[in-house]
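Written below as structure tokens is the structure these notes are about.
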Amino acid sequence: MSLASAATFAGCPTAGNQAMDCLRSSSVGELIPRRFTQSTSSHPLGALVSAVNRVPNGAFAPVIDGPGGFLPDLPSRLIASGNFSAVDFVGGHCTGDGKTFASGKPSSFVTDEDIRRIVFSRWPGVSNMTKDKALALYPRPGAPNSPFPTQWDRAWTMAGEIIFTCMFVKTACYIMQPFMYGPN
């Protein structure tokens, strides 16, 4: 979705600094009633979400605005440096959430190479050495003590834990650091 399309949807100017200021101040709560139509399939918010969700894996990343901007640096750097708002944090996910993010269909996962090619397509910068280490942490089906009946189960578990579990643990560790070790 282009900036002009998103701005038009939100009722904002389609170019210039005013467009971004207006988009940043728009709220979904105001947009839904203003733009709601009878059919949920033509609901503009649904179209917006659908367009965002169709961005190819690895092709979208946060736009860094720089100092004083909405997003002054990468979120991982902001969290690591303690530059975030102190809010209550509860993180969690459901068993099977990785199925949404593994990409492909269950029948697409037969070999280790399928996992490498499909699951890791989401992160094009991941090295082969890191992929090897990840595959070693999740034993293939049929290996001694493997909990995975199929390569699909192995793939979606990896994807879910990479996306959800690692993020929650890392965020919680940074948030808790001042309480565990004192300031600085």
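FYI, the numbering just counts along the sequence from 1. Remember, predicted model here, so these are calculated numbers, not experimental data.
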Contact check, side chains of [X] and [Y], non-hydrogen atoms, under 4.5 Å:
X    : Y    : value
F70  : M20  : no
T150 : F109 : no
K131 : V119 : no
T111 : R140 : no
W123 : I162 : yes
W152 : K105 : no
P139 : P144 : no
I118 : S108 : yes

Looking only at heavy atoms, which two atoms of [X] and [Y] are closest? And how far apart?
X    : Y    : result
L78  : L71  : CD1-CD1, 4.0 Å
V110 : Q151 : O-CG, 3.2 Å
A15  : Q18  : O-OE1, 4.1 Å
R154 : L135 : NH2-O, 3.0 Å
P13  : A19  : O-CB, 3.1 Å

Has the side chain of [X] got a donor or acceptor atom that lies under 3.5 Å from a matching backbone atom of [Y]?
X    : Y    : answer
D65  : P72  : no
S146 : A143 : no
T130 : V126 : no
S81  : R77  : yes

Nearest 0.5 Å, what's the CD1-CG distance between I64 and D73?
->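 The distance works out to 6.0 Å.
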
Between the CD1 atom in I115 and the CE atom in M158, the distance rounded to the nearest 0.5 Å is 6.0 Å

